[in-house]
Each structure stands twice: as structure tokens, then as C-alpha cells.
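Notes follow the structure.
FYI, side chains are in, hydrogens and waters are out, and symmetry mates aren't considered; it's all heavy atoms of this structure.
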Amino acid sequence: MLTLTDADRKQYENIWVVAEVSSGRIQPVTHELIGKARELADASKSQVWTVVMGSGISQMAESLFAYGSDCVIAVDDARLNGIQDEIEANVLVRLIRKYKPEVVLCAATTKGRALIPRVAVKADCGLTADCTGLSIDPENGDLLQTRPAFGGNIMATIRSPKHRPQMATVRPRVMKAPEPDKSRTGKIIKESILDTDADKMKKIIEIFQSKEAAFNLSDARIIISGGRGVKGPEGFELLKRFASKVGGAVGASRAAVDAGWIGYNHQIGQTGQTVQTTLYIACGISGQIQHLVGMQSSDVIVAIDINPDTPMMQMADIAIVGDLFEVIPEILNEIPKL
Amino acid sequence: MKIVVCVKQVPASNDAKIDPVTKRIVREGIKSIMNPFDLYALEEGIRLKEKFGGQVIALSMGPPKAEAVLREALSAGADHAILLSDRAFGGSDTWATSYALAKAIERIGHVDLVICGKQAIDGDTAQVGPGIAAHLDWMQAAGVMEVQVKDSSIIVKRMHEEGHDICQLQLPAVITVVKDINTPRVPTLRGRLAALKYELPVWKPADIGADPEKLGLNGSPTRVVKTQPPDPRQADTIRIEGTPKECARALVHELRLRSLI
């Protein structure tokens with residue numbers, strides 16, 4: 001395959017972010033990625049460019065400067081509706097060849113995970129999925145991409161030494177979004193779809209936006225989460241009461257979801273959602289690594305478990321040794337009315 | 001319809017540890033299974049064949065022992081199975097893996113539809129399905145939960161964070177499927193016996209006309225440079241013990257101190 005010489009590689013510069021656009025909005029994960037891209041660009045003395053593809057996105061492009069983008073490439077076209085992976089991939093590959101970015105970051109969402117592998121293959125470059133750590137190797141300028149492997153039991157660090165751009169996806173809520181700085185400005189480049197980009201097109205029959213499906217744990221400030229120790233669907237009823245008392249949402253470990261006690265859209269961990277809440281209360285969750293990777297960047301972690309020695313009890317900020325079926329009702333009595 | 005279902009042999013458990021001395025991944029004594037998501041891909045292929053006629057070909061790349069998952073596919077109802085196995089394929093990342101599979105699909109010829117599981121449980125990348133579509137330059141749909149065939153096209157329903165969509169793709173195409181799509185059947189005894197007798201072809205790079213520079217480690221843009229156990233979260237754990245009432249009081253006090261409730 002096409003490998004690049006040192007001289008070729010030097011032509012590639014700048015850190016790109018592919019914006020996540022859905023429901024006509026730029027999604028917050030884009031800001032998180034721009035924040036990380038800013039750090040990488042500062043370390044490699046380059047710029048942050050964001051590519052926004054969608055319908056009617058031109059007005060939104062400017063909002064990205066505040067998060068650290070120096071340049072925004074806007075491709076505004078009604079055909080870019082998140083369904084035409086084929087067109088979006090062709091556009092991105094063409095832009096990559098034209099502007100030669102050194103790094104391309106994309107959100108590891110349903111859409112990003114379908115789109116970006118197509119781009120990586122067509123652009124002849126390496127791609128690392130679901131990175132939890134990204135940094136620039138000071139020795140050779142390569143992007144060091146760290147991701148969990150084997151269900152999170154091992155962290156692997158990956159690089160693409162001979163290919164550019166170096167591409168990586170990051171799940172929502174893994175990186176922290178920077179505070180916007182409204183005084184920042186930048187440059188907007190407008191690009192459009194060429195006929196050759198749109199040689200293959202899906203016919204759209206229905207697009208359905210559901211409030212139900214949008215149930216997003218990651219928006220909750222407090223999560224009350226249950227595992228095997230919750231013992232059954234009745235136990236989750238107690239957790240739901242707890243959550244509604246504190247204005248939180250209910251999460252679950254894979255064990256509880258696999259047992260059928262609560263739906264998959266509550267699952268937190270490597271095969272579920274990643275969350276970064278202000279307060280995470282783990283009830284009867286032993287803390288298998290694949291669960292921990294989905295919640296350990298929460299600000300404050302509380303564990304309630306009858307077994308004092310589980311990994312979750314060891315890593316929590318506050319560990320309560322007790323029977324959750326006895327302790328939680330008492331907590332509900334203690335919490336002042338909100 | 002000529003349908004290719006891609007299957008992968010994966011470890012049954014993710015209990016991998018790093019040997020503190022050799023720093024290598026220790027995976028001894030862990031049994032191998034068919035990637036669970038691929039069972040749904042296989043079932044969907046067999047159902048489409050039963051409804052519209054044609055054949056299902058199970059395709060895998062891996063070491064010689066990966067033939068076990070192909071025999072499992074045959075016993076569930078695949079008509080044919082092909083294993084890509086050679087040292088030259090070893091060390092392939094998702095770029096090189098999807099290249100080799102795409103070349104094999106071209107070699108099979110006249111394929112209408114490729115079905116893959118959403119992702120493999122060992123790598124969790126979800127990159128090989130769209131990668132195959134990219135190498136073949138076919139249309140793709142990832143995360144499919146329902147599929148119908150209409151003339152020379154398919155209509156697929158996909159779930160995503162904001163709801164779902166239904167769209168129509170011209171064949172040939174590549175789709176990846178999620179668990180909601182069906183309930184895989186249990187192979188029959190007769191199927192198992194037939195699968196045992198099947199003479200399984202093993203293809204080498206030359207059989208699929210693959211460019212050796214695009215295979216294995218040579219053809220893989222990515223390199224794993226380091227593996228290590230995850231960093232433990234640093235916490236000075238406050239431990240609370242006592243009666244349920246005492247525990248509850250102490251917790252609510254701590255949380256109020258931090259203005260969390």
C-alpha cells in the first residue's frame with residue numbers, strides 16, 4: 001500500500017475535527033474534540049480545522065471558533081443528512097487530499113463509526129477507534145492513540161508511522177469540552193459537493209426522530225446505576241425512586257442488562273454508553289473494567305455495596321459498606337425535599 | 001441472491017492480563033467462539049436465502065483453527081465456506097483485513113450482498129464492514145436492524161442516537177447488523193454432520209489476487225506500540241460503615257458539603 005516518505009509526511013499539517021451534525025445541530029461532542037485538537041495543535045505548533053458537513057450549517061460554522069478552531073471548512077448541502085455515508089466519505093477524502101491534514105478526529109457515534117472507516121480505507125490511512133487518550137510524540141510528531149482493548153482489561157497505544165493523516169475516533173463525553181471564548185475568530189472556507197462525489201446515493205424513505213430514543217444518559221448530571229447486586233427489576237424500581245428524588249437518571253452495568261432487569265439504553269460501559277457525570281452512584285456494581293471505562297471520569301463516584309472489597313468500592317470517592325436495600329430507603333428519608 | 005457473511009473467531013472471554021515479566025498478553029486456556037454479532041449476520045443471510053433463493057457463503061480470515069467457526073456457519077445453514085489463512089495475512093489491522101476480505105469477495109464473484117456483524121467483541125472497532133464496502137466501492141449501511149429485498153435493491157432500517165431511518169440501497173452492498181435483527185437458530189444434528197464432511201477451501205493471497213504489500217503487517221497503517229493495564233483512578237476513598245441510617249446520614253452530609261444534592 002501507499003506509504004509515505006519523511007518528506008511526504010512533512011507536507012501534512014494541522015489537526016482536523018469532523019463535526020458531528022445531527023437533528024440540524026452541531027453536537028457537543030464536536031466541542032470536546034475541538035478542545036482535544038487544540039491541545040494537539042499547540043503541541044505540534046499547527047492549527048485546528050473543523051469540517052462541518054450538513055444542510056443549512058453555514059450559520060453554525062462560526063460558533064466553532066470559540067471552542068478553539070482556527071478554520072472551518074463548511075460543506076452546506078441538503079444531501080448531507082447523515083445518511084449518505086458514500087457522499088460524505090468522498091467529500092472528506094477529496095478535502096483530505098486537497099488540504100493534507102496531519103490528524104483527523106471524528107466522533108465515535110453511530111454515524112461516525114460508519115463514515116470514518118470508509119474514509120480511512122479510501123484515503124489509505126490508519127484509523128484507531130474509541131480512543132481515550134491522544135497525544136503527540138515529542139520525538140517524531142506521531143499521534144499516540146490510546147484505546148481500551150479486550151473489554152478494557154488492557155490499554156493499547158497505537159500509531160500510524162508511515163501514513164497521513166492519522167485518524168482516530170473518540171466517544172462522546174470522553175474528552176472535556178473547553179469553556180467557549182467568544183472573542184476568538186477564524187477563517188471559513190466554503191466547499192461544495194462535486195458530481196463525482198455523489199455517484200452513489202441512498203434513497204431516503206423515512207427519517208424518524210424519537211424523543212424516546214434520544215434518552216441520553218450522558219445528559220444527566222446525576223446517575224444512579226445498578227449492577228448484579230440490585231438482584232432484579234424490583235431493585236431497579238428502588239433505584240428509579242432514588243433517581244427521581246435527586247433529579248438523576250438510572251444507569252446499569254452489563255450484568256444487569258444481560259439479565260434483562262433493565263433495557264440496553266441504560267447500559268454504561270465499553271459496550272454501552274460512556275458518561276461523565278457530576279455524581280455517579282454505583283449500587284451493587286462490582287466494577288468490572290469494561291464498566292469502569294464507561295464512567296470513571298465522573299467527578300464524584302459513590303459506591304454502595306455489601307462487599308467492601310470490590311474494585312468499585314476501592315476506586316470510589318465515597319464507599320458505603322451496607323445492604324443497598326436498607327441504605328437507599330434511609331437515604332431517601334434523609335434527603336431534604338428539593 | 002448470492003450472499004457473503006463474514007465471520008470472525010474471537011476469544012470467548014476478555015479476561016486478558018499482562019504478564020508482569022514478559023509484558024505480553026496472557027490468554028492461555030481461553031476458548032474460542034464465533035463472534036456473537038456474526039451469528040445475527042449469518043442468520044439474516046440464511047433467512048434472505050430461504051425467502052429469495054440463492055446461496056450463503058461464510059467467509060473468514062484467521063489461523064487454521066478458525067475453520068471451526070466456518071463449520072459452525074455451515075451447520076447453521078450456510079451453503080459454502082471459505083477460510084483465508086496464510087502467514088502473509090498475520091498482523092493485519094482493520095485496513096488490511098478489509099482489503100483481504102474484499103479481494104476474496106471479488107474472487108467469489110457476482111456477490112449481491114455482504115453481511116457482517118456490527119463489530120467483533122475482541123477489537124470492538126466496527127471498522128471492517130465499512131472498510132470492505134470502501135475497498136469494493138459498494139454502498140453500505142451500518143447498524144441495520146431490519147432488511148427487505150426489493151428487486152435489485154435492499155431497504156434497511158437503522159437505529160441511531162436520535163431515532164431511526166429507513167433507506168434504500170442499490171445492490172451490491174455491504175451491511176452490518178445489530179442484535180435486534182433476528183433470533184439466530186440452533187444448528188440441527190443433520191446440519192452438524194454435513195458441516196463435518198464439508199471440504200473447506202483455504203485460500204492464500206495468490207488465490208485472491210491480493211497485492212502482498214497490502215496484506216498483514218506490511219499492509220497495515222497502524223502499529224500497536226505499547227500495551228499496559230489501565231491506570232487506576234486515583235481516589236482517597238472515604239469509607240462509611242454503620243447502621244443503614246448512619247450510612248445514609250453520613251452520605252447525605254458528604255454530598256451536601258460538595259453541593260451535589
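Nearest heavy-atom pair, D124(A) versus W95(B), reported as atom, atom and distance to 0.1 Å: OD1-CZ2, 2.9 Å. Across C167(B) and K202(A), no two heavy atoms sit closer than the pair SG-CD, 3.7 Å. Residue T222(B) comes nearest to G126(A) through the heavy atom pair CG2-CA, 3.7 Å, listed as atom of the first residue, atom of the second, then distance. The shortest heavy-atom contact between I331(A) and A248(B) is N-CB, 3.5 Å.
At distances below 3.5 Å, not a single donor-acceptor pair connects side-chain atoms of T227(B) with backbone N or O atoms of A156(A). Looking only at distances, no side-chain donor or acceptor of E241(B) sits under 3.5 Å from a matching main-chain atom of I320(A).
Under a 4.0 Å N-O distance rule, the pair R258(B)/D299(A) does not qualify as a salt bridge. Contact check on D137(B) versus R118(A) returns a salt bridge, with a Lys/Arg side-chain nitrogen under 4.0 Å from an Asp/Glu carboxylate oxygen.
Taking chain A as the reference chain and counting heavy-atom pairs below 4.5 Å, the highest number among I240(B), L169(B), L251(B), V10(B) is found for I240(B). When each of A142(B), A141(B), P130(B), P212(B) is checked for heavy-atom pairs under 4.5 Å with chain A, P130(B) comes out on top. Options E246(B), K157(B), Q140(B), M139(B) differ in how many heavy-atom pairs under 4.5 Å they form with chain A, and the most are formed by Q140(B). Ranked by heavy-atom pairs under 4.5 Å with chain B, the list L332(A), I318(A), V293(A), I222(A) is led by I318(A). Of all the listed residues (M313(A), Q166(A), Q288(A)), the one sharing the greatest number of non-hydrogen pairs under 4.5 Å with chain B is M313(A). Heavy-atom pairs under 4.5 Å with chain A were tallied for G123(B), G143(B), G129(B); the largest tally goes to G123(B). Counting heavy-atom pairs closer than 4.5 Å to chain B, the top residue among K122(A), K111(A), K200(A) is K200(A). Of the listed residues (R147(A), Q27(A), Q84(A), Q290(A)), the one with the most heavy-atom contacts under 4.5 Å to chain B is R147(A). Note on S23(A), P329(A), G322(A), P148(A): by heavy-atom pairs under 4.5 Å with chain B, the leading option is S23(A). Heavy-atom pairs under 4.5 Å with chain A were tallied for G242(B), A133(B), A250(B), S98(B); the largest tally goes to A133(B). Considering only heavy-atom pairs separated by less than 4.5 Å from chain A, the leading option among K118(B), R158(B), Q119(B) is R158(B). Contact count versus chain B (heavy atoms, under 4.5 Å) is highest, among D85(A), I116(A), I204(A), T128(A), for D85(A).
Expressed to the nearest 0.5 Å, how far CD of Q228(B) lies from CE of M155(A) amounts to 7.5 Å. T271(A) contributes atom OG1, which lies 9.5 Å from atom CD1 of I121(B) (distance to the nearest 0.5 angstrom). Between the CD1 atom in I205(A) and the CD1 atom in I155(B) there is a gap of 4.0 Å [rounded to 0.5 Å]. Taking CG of D165(B) as the start and CD of E206(A) as the end, the distance is 9.0 Å to the nearest 0.5 Å. Rounding to the nearest 0.5 angstrom, the gap separating the CG atom in L260(B) from the CD1 atom in I281(A) is 8.5 Å. Expressed to the nearest 0.5 Å, how far OG1 of T110(A) lies from NE2 of H164(B) amounts to 14.0 Å.
Shown here is K203(A), whose NZ atom has no more than 12 heavy atoms of other residues, nucleotides or ligands within 6.0 Å.
Residue contact with chain A, scored on non-hydrogen atoms closer than 4.5 Å, is absent for L215(B). Residue contact with chain B, scored on non-hydrogen atoms closer than 4.5 Å, involves the backbone and the side chain of E326(A) alike. At a 4.5 Å heavy-atom cutoff, the contact between D317(A) and chain B is made by backbone and side-chain atoms alike. Of the atoms belonging to A120(A), it is backbone heavy atoms, and not side-chain ones, that fall under 4.5 Å from chain B. Residue contact with chain A, scored on non-hydrogen atoms closer than 4.5 Å, involves the side chain of V252(B) exclusively. Neither the backbone nor the side chain of V119(A) comes within less than 4.5 Å of any heavy atom in chain B. Both the backbone and the side chain of I301(A) come within contact range of chain B, with heavy atoms under 4.5 Å apart. Only the backbone of D236(B) comes within less than 4.5 Å of a heavy atom in chain A; its side chain stays farther off. With a 4.5 angstrom heavy-atom cutoff, T146(A) does not touch chain B via any of its atoms. For chain B, no part of L292(A) is nearby; none of its heavy atoms comes within less than 4.5 Å. Contacts between T125(B) and chain A at a heavy-atom distance below 4.5 Å involve backbone atoms as well as side-chain atoms. When heavy atoms are compared at a cutoff of 4.5 Å, S298(A) approaches chain B solely by way of its backbone atoms N, CA, C and O. Neither the backbone nor the side chain of Q170(B) comes within less than 4.5 Å of any heavy atom in chain A. Both the backbone and the side chain of P308(A) come within contact range of chain B, judged by heavy atoms closer than 4.5 Å. Looking at I132(B), there are no atoms closer than 4.5 Å to chain A (heavy atoms on both sides), in backbone or side chain.
Side chains of H253(B) and E334(A): a donor-acceptor N/O pair is absent below 3.5 angstrom, by distance only. R113(A) and Q127(B) share no donor-acceptor pair across their side chains, judged by distance under 3.5 Å alone.
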Item to complete: Report the C-alpha separation of V321(A) and R239(B) in whole Å, then their side-chain angles, then the decisive distance to 0.1 Å, and conclude whether the side-chain contact (heavy atoms from CB on, under 4.5 Å) test is met.
Response: CA-CA 7 Å; V321(A) 186; R239(B) 193 161 279 255; 4.1 Å; yes
Discussion item. The test is side-chain contact (heavy atoms from CB on, under 4.5 Å); show your working for L255(B) and V302(A) and say whether it passes.
Written reply: CA-CA 10 Å; L255(B) 296 181; V302(A) 175; 4.2 Å; yes
Fill in: Candidate pair K245(A) and I261(B), rule side-chain contact (heavy atoms from CB on, under 4.5 Å), full reasoning
CA-CA 10 Å; K245(A) 185 103 188 205; I261(B) 55 171; over 6 Å; no
Practice prompt. List the steps, then state whether side-chain contact (heavy atoms from CB on, under 4.5 Å) holds for R223(B) with I158(A).
Written response: CA-CA 5 Å; R223(B) 291 279 180 279; I158(A) 291 161; 6.0 Å; no
